Amino acid sequence: VGTFQSLAGAVIANGPSYFDGIAVISAWVGLALALSMCGAVVVARLACGWLALRSRQLERQYLPLIVRALAHDDAAVSALVAAPSRHQLIIAALLITPLIDDRDPSRVARTRTVVQAMSLVPVADRYLRSRLWWRRAIALRALGLLQLKDRTAAIVGALDDSNRNVRAAALDALSDLKDPASLQGVVVRLHDASLPLGRRIHALAAFGTQCEPFLLDLASVDRENRLGYAYALTICGTARARPTLCGWTCDERVAVRAASFEALAHVGLDHHAARLAIEALSSEEVLVRAMAARALSGWRDPGEAAARLGQHLDDVWTVAVEAARSLQTMSDAGVAVLITRAGRPDLAGLLARQMLWEVHVY
Amino acid sequence: MLLTSLLVFSLVVLAHFALANSMLLIMGVVAAGFLWEHRIRHTRRTRSLSNVLVSPPLVSIIVPARNEALTIVESVRALLALEYKDREIVVVNDGSTDDTLARLIWAFQLVFAPVVYPEPVKTAPVCGVYRSMREPALVVVDKHSGGCKSDASNAGLNAASGDLVLIIDADTVLEPDGLSRAVLPFLEDPHIVGIGANVGLANGCGIEDGRVSQVALPRNWLARFQIVEYMRVFLLFRLACAAVNGVPIISGAFGLFRRDAIVAIGGYDTTSIGEDMDLTVRLHRYYRERREPYRITFDPNVLCWTQAPEDLASLRNQRWRWRRGLVQVLWRQRRMIGNPRFGTLGAAVLPFILLTEGIGPFVEMAGYLIATIAALAGLLDWRHYGLLIAVSLLFGWAATLLAVLLSDIATRRYMRGRDLAMLVIIAVLENLGYRQLNSWWSCVGTMQAMTGKGGWGAMRRRAFEGRNTIRA
């Protein structure tokens with residue numbers, strides 16, 4: 001505003017010539033900007049076109065060799081090793097990228113052999129030490145996809161990198177690597193909010209039940225983060241976690257109690273756990289009642305459970321839905337309870353009819 | 001005295017053109033940075049996450065449909081063929097007077113089903129819910145018309161069972177991997193509440209089975225101008241806003257939200273004309289007032305396509321409506337404008353919108369009008385007049401060409417060199433008449449908003465048919 005006021009003052013004082021000067025400068029600036037943008041459009045398209053062309057040429061040149069090399073053709077491996085160093089990164093990309101979708105162990109092993117023969121692993125090591133975060137991320141993802149277990153320590157170390165994207169790449173790499181040696185590194189970062197949530201979940205899922213002993217050990221000494229462990233056990237818990245989860249259903253924190261029942265829904269119930277779930281249906285907390293109802297899903301001895309769940313079709317909506325879904329999974333006993341409720345004109349009746357309709361009974 | 005006043009006014013107009021377009025250019029630089037990091041971050045390995053998760057989030061795709069008989073079956077088929085499998089499709093038949101519902105019933109073997117759900121957001125009465133015998137993921141909610149798309153979206157929101165809801169127009173065409181890409185940020189950042197997509201124009205494109213099979217420029221010049229206009233809006237403005245968590249609008253053509261966030265703010269406001277901007281700004285406000293961490297973002301690589309009006313009357317009605325919506329939102333949320341408590345949106349984005357979109361068209365039109373009259377009357381030197389016009393055009397060209405550049409780098413939608421050359425020509429021509437026409441419509445729309453006039457306005461619909469599509 002100040003600049004404009006002074007300009008306006010100058011225009012008033014000096015008349016048209018001053019305006020002329022400002023307008024001419026503005027026009028030249030505008031022209032320069034417009035022409036440079038036009039040039040940039042052309043240059044960018046030409047550059048992209050040239051890169052795409054070169055990439056296609058190299059693909060045509062090296063893909064047949066790669067296919068043969070992966071089919072144990074030593075001559076093809078030698079040809080790849082002898083490729084000019086300026087082509088090596090492109091060859092590496094052509095070799096490694098398909099491993100994202102194709103995790104066939106023999107293909108991974110063969111690719112690893114070819115990459116090692118081409119001495120590309122030291123290049124990845126160099127990239128790991130790069131100042132540029134995207135180079136570190138690329139190296140980590142490549143090491144993970146190749147399942148180079150002798151680099152596990154370096155990848156685990158990258159979980160503490162200063163860059164968020166590199167940490168995410170390290171987690172991806174460990175998910176692909178599936179090296180038990182890295183398990184502890186993954187599990188202890190379960191609560192690390194600086195790592196992307198989806199990747200933490202994926203890493204846990206990648207290791208599956210192998211995580212469980214570590215989770216239970218850590219949970220026994222880390223009461224504070226019990227909620228996170230309960231959620232983790234909904235992903236990779238087994239019957240082994242059941243006693244611990246049963247213990248957590250008495251935790252004073254509502255969220256922990258609810259998450260424990262949610263995890264029990266995943267690991268399955270025994271009679272003791274089922275009793276706890278049935279009792280928890282009387283909880284004052286909506287979330288606990290809802291998760292207790294969910295935990296009873298598929299319970300194979302449903303007599304009392306089905307009757308209790310039937311009463312909760314009149315409960316608040318979240319509990320009613322969980323109760324209805326669980327009843328739907330309880331075969332004849334559940335269906336019988338739903339049928340008795342289906343005749344009612346209220347919301348519970350409609351919900352029961354929906355459940356029956358979905359299993360083709362109504 | 002008159003001459004001096006004219007000169008000062010000319011200076012105001014000159015400053016407006018230079019500043020508004022320079023701001024767009026600066027936004028382009030910010031957008032380019034955001035785009036660059038986005039591309040490096042979202043590698044193929046990164047993108048695979050949403051496909052490999054054991055239990056990815058359920059996405060409810062809400063399709064409000066009113067008199068969409070021409071396109072609805074194709075649209076639903078395309079949605080059912082999306083790569084992302086954990087999704088349900090909730091079509092809301094909003095009191096259609098054509099055979100939208102009948103076509104759905106016939107195509108997907110719909111049956112009346114006893115489906116019940118809570119209704120946290122009030123809507124016009126629902127007549128019934130249909131499930132498909134062939135497609136378990138399809139739900140059709142048949143309701144009385146609430147008189148606006150917001151009401152239908154709210155009904156869909158009630159019926160949705162996913163944690164995430166994707167609200168799209170019935171004629172939006174998604175890329176097969178669009179949903180997988182859009183879900184990814186939610187998996188990476190638990191604070192994300194909404195994400196918008198890069199909307200392109202399907203006019204002129206070949207569409208097969210509800211997919212864009214061939215991208216080409218339309219023959220219609222109005223549609224062509226809108227292509228570069230969309231590029232400018234999405235790839236300069238919204239991308240730059242996304243870089244600073246100040247996205248003011250997630251387009252109604254494609255908006256993926258956390259359901260609980262929309263329910264928390266009471267869903268779409270049925271009295272709002274620009275319901276998409278209204279919702280986005282209210283989401284910002286809700287989280288800022290509670291001081292809760294959140295992010296509303298825009299993904300340039302999530303592509304979707306929509307139809308643009310090809311006749312002047314439809315375009316004019318659309319622009320009037322948009323303008324009335326904008327003015328309404330700015331008025332309702334006036335407390336946020338210039339208020340740093342509401343983050344970048346309040347401190348910078350909304351003031352920018354107020355200046356360039358709210359006041360800008362009036363300055364521009366007044367500039368053209370007064371300068372022309374003054375030049376004709378001999379009060380203003382023709383040289384001054386020429387310079388004024390030249391500045392307005394040159395800065396406009398620079399901003400639009402930057403948008404074309406970013407679009408080409410980000411999406412490579414128009415692969416043929418011939419199309420790109422045409423885009424450059426369109427970017428130049430768009431500033432010669434079309435932009436001024438838009439400014440005029442903006443002025444009229446603003447006046448309508450202030451006087452409380454104007455309705456929804458009709459847009460001539462076209463069916464997606466066969467290869468070379470979009471026939472009347």
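All values reported here derive from a predicted model rather than from experimental measurement. In what follows, chains are A, B, ... by sequence order, proteins preceding strands, each numbered from 1.
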Item to check | Rounded distance (nearest 0.5 Å) linking atom CG of B:L187 with atom CZ of A:R200 | outcome: 12.0 Å
Checklist entry - Taking atom CG of B:L405 and atom CE of A:M37, what is their separation to the nearest 0.5 Å? => result 7.5 Å
Checklist entry - Any idea which of B:L394, B:D408, B:V428 has the most non-hydrogen atom pairs under 4.5 angstrom with chain A? => result B:L394
Next on the checklist: Below 4.5 Å, heavy-atom pairs only: which of A:L99, A:D172, A:L33, A:I138 has the largest tally toward chain B?
Outcome noted: A:D172
Checklist outcome for this item: Taken to the nearest 0.5 Å, the spacing of A:N163 CG from B:R41 CZ works out to 9.5 Å
Checklist entry - Less than 4.5 Å apart, any side-chain heavy atom of A:V24 and any of B:R383? => result yes
Checklist entry - Given a strict heavy-atom distance threshold of 4.5 Å, which part of A:W28 is in contact with chain B: side chain, backbone, both, or neither? => result neither
Next on the checklist: Just so I understand: if I count every heavy-atom pair under 4.5 Å between each of B:P118, B:P190, B:A113, B:A421 and chain A, which residue has the most?
Outcome noted: B:P118
Item to check | Student check: side-chain heavy atoms of B:I40 and A:W133 closer than 4.5 Å | outcome: yes
Checklist entry - Checking A:R141 against chain B: side chain, backbone, both or neither under 4.5 Å from a heavy atom? => result side chain
Item to check | From B:F395 atom CZ to A:L31 atom CG, the distance as rounded to the nearest 0.5 Å | outcome: 10.5 Å
Item to check | Within-4.5 Å side-chain heavy-atom neighbours: A:W134 and B:E37 | outcome: no
Next on the checklist: Rounded to the nearest 0.5 Å, what separates atom CG in B:L387 from atom OG in A:S26?
Outcome noted: 9.0 Å
Checklist entry - Would you say the side chain of B:F186 lies within less than 4.5 Å of the side chain of A:L197, judging by non-hydrogen atoms? => result no
Item to check | Part of B:L420 lying under 4.5 Å from any heavy atom of chain A | outcome: side chain
Checklist entry - For B:V424, is it the side chain, the backbone, both, or neither that has a heavy atom closer than 4.5 Å to a heavy atom of chain A? => result side chain
Checklist outcome for this item: Separation between OH (B:Y414) and CZ (A:R45), nearest 0.5 Å, reads 11.5 Å
Checklist outcome for this item: Comparing A:D176, A:V321, A:L145, A:L347 against chain B, the one with the most heavy-atom pairs below 4.5 Å turns out to be A:D176
Next on the checklist: Heavy-atom cut-off 4.5 Å, strictly under: side chain, backbone, both or neither for B:L25 against chain A?
Outcome noted: side chain
Next on the checklist: Looking only at heavy atoms and a cut-off of under 4.5 Å, which of B:V404, B:L401, B:L406 has the most pairs with chain A?
Outcome noted: B:L401
Item to check | Proximity breakdown for A:V42 and chain B, heavy-atom pairs closer than 4.5 Å | outcome: neither
